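Below is one structure, written out as structure tokens, with a few remarks after it.
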Amino acid sequence: MEYRRDQFSALLCREDFSLAEACLLIAQDAYPDLDVGHYLARIDAFAGTVKSRLSSDAFAEQKVMVLNRYLFNELGFCGNAGDYYDPRNSHLNQVLERRTGIPITLSILYMEIGRRLGLRLEGVSFPGHFLVKLRVTGGQLVLDPFCGGEAQTEADLRARLAQVLPQREAAALALPQYLQAATSRQVLARVLRNLKGIYLHSEEAQNALRVMQRMVMVAPHAAEEVRDRGLAYCKLDCFRAALADLEVYLERRPHAPDADEIKNKAAALRLVCARLN
């Protein structure tokens, strides 16, 4: 397990790392025998099939049309609306095996195939629903891989905003602020937050802790992630590790709204650790 986290850490140090590879390394926590190379080769094969159907001078919109037809119509990839919170939807190997997933994992697959086709696709952390955008002559296309790669109109995007914001506010806000390209680390953090929420809800503490360990690597300066890992360690009776994380949190966020609560928990942990010596 430690070796796999070292692999993940080394990958994150690269300037332009593969999102697919990073997601497959994350999935190894749940699927220890997962062969990362096998699934990367499968993505290569998908891209190869699409490329074989494109003319050498195909422009971006043509590539998108052929990609959509192959991935969603022929292969049958689709959004899993019926069982959205199944953790398999957040593991890229399972998305490839089952040909279904949630917006962010389908978007990662879409971007990875697109990258192999020369499409400069970018992830968009749109509120409540991850999307993909592509800069084209005269503007940009916003695409939804969860819904077959459909292009999103301004009305579509505002309707999505209205699902998570008051309708009047959603209608008045400037869309560009919500369509900023997400960095690779931000994309991974969103994948991990989804898994973290699923495992915490189902009270799978050990699985949640593994996700949190990855999250702290992806977002090392996020004090709240360190705090949450400390609380997870505490639930698993890893008292020294829990105390170390909570002390780091208090050092970084001494005036946090929950600082007093965490101070009390840290004090109790110090007593427990003293008895263990």
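Fair warning: this is a prediction, and the values are worked out from it, not measured in the lab.
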Identify, with sequence neighbours excluded, every residue that meets side chain to side chain donor-acceptor pair (under 3.5 Å) alongside Arg193. none

As a quick check of understanding, evaluate side chain to side chain contact (heavy atoms under 4.5 Å, CB included) for Arg88 and Asn80, giving each step before the final call. CA-CA 10 Å; Arg88 292 177 294 179; Asn80 190 344; over 6 Å; no

With Asp29 as partner, the option from Gln206, Arg214, Gln213, Arg210 fulfilling side chain to side chain donor-acceptor pair (under 3.5 Å) is Arg214

Is the count of non-hydrogen atoms from other residues, nucleotides or ligands lying under 6.0 Å from [X] atom [atom1] greater than 12?
| X | atom1 | result |
| --- | --- | --- |
| Arg120 | CZ | no |
| Lys133 | NZ | yes |
| Tyr85 | OH | no |

Gap separating the [atom1] atom of [X] from the [atom2] atom of [Y], nearest 0.5 angstrom:
| X | Y | atom1 | atom2 | answer |
| --- | --- | --- | --- | --- |
| Tyr110 | Phe146 | OH | CZ | 15.5 Å |
| Leu141 | Leu131 | CG | CG | 12.5 Å |
| Leu276 | Asp237 | CG | CG | 9.5 Å |

With no hydrogens and no angle check, just 3.5 Å: does a side-chain donor-acceptor pair link Tyr249 and Asp228? no

Does a side chain donor of either Asp156 or Thr153 reach within less than 3.5 Å of an acceptor in the other side chain? yes

Donor-acceptor list for residues 172-182 side chains, cut-off 3.5 Å, not counting sequence neighbours:
residue: Gln177; atom: NE2; partner: Ala174; partner atom: O; Å: 3.3
residue: Gln180; atom: NE2; partner: Pro176; partner atom: O; Å: 3.2

Please step through side chain to side chain contact (heavy atoms under 4.5 Å, CB included) for the pair Leu188 and Ile26, ending with a clear verdict. CA-CA 9 Å; Leu188 286 185; Ile26 289 169; 4.2 Å; yes

So which pairs with a foot in residues 51-64 pass salt bridge (Lys or Arg N to Asp or Glu O under 4.0 Å), sequence neighbours left out? Arg53-Glu74

What pairs meet the salt bridge (Lys or Arg N to Asp or Glu O under 4.0 Å) rule with one or both residues in residues 135-146, with sequence neighbours excluded? Glu122-Arg135, Asp144-Arg160

Spell out, as yes or no, whether a donor-acceptor pair under 3.5 Å connects the side chain of [X] to the backbone of [Y].
| X | Y | answer |
| --- | --- | --- |
| Thr105 | Gly101 | no |
| Gln186 | Thr183 | yes |
| Glu225 | Pro220 | no |

Could you give me the CA-CA distance, side-chain angles and deciding distance for Met111 and Arg116, then say whether side chain to side chain contact (heavy atoms under 4.5 Å, CB included) is met? CA-CA 9 Å; Met111 288 190 289; Arg116 289 159 169 79; over 6 Å; no

Smallest heavy-atom separation, Asn89 atom then Thr100 atom, equals OD1-O, 4.1 Å

Of all pairs that satisfy ring pair (Phe, Tyr, Trp, His ring centres under 6.0 Å), the ones with a partner from residues 11-45, not counting sequence neighbours: Tyr31-His91

Side chain to side chain contact (heavy atoms under 4.5 Å, CB included) assessment of Leu109 paired with Leu71: CA-CA 10 Å; Leu109 175 60; Leu71 192 64; 4.3 Å; yes

By side-chain contact (heavy atoms from CB on, under 4.5 Å) - contacts of Val36 (at least two apart): Glu21, Leu24, Leu25, Gln28, Leu34, Leu40

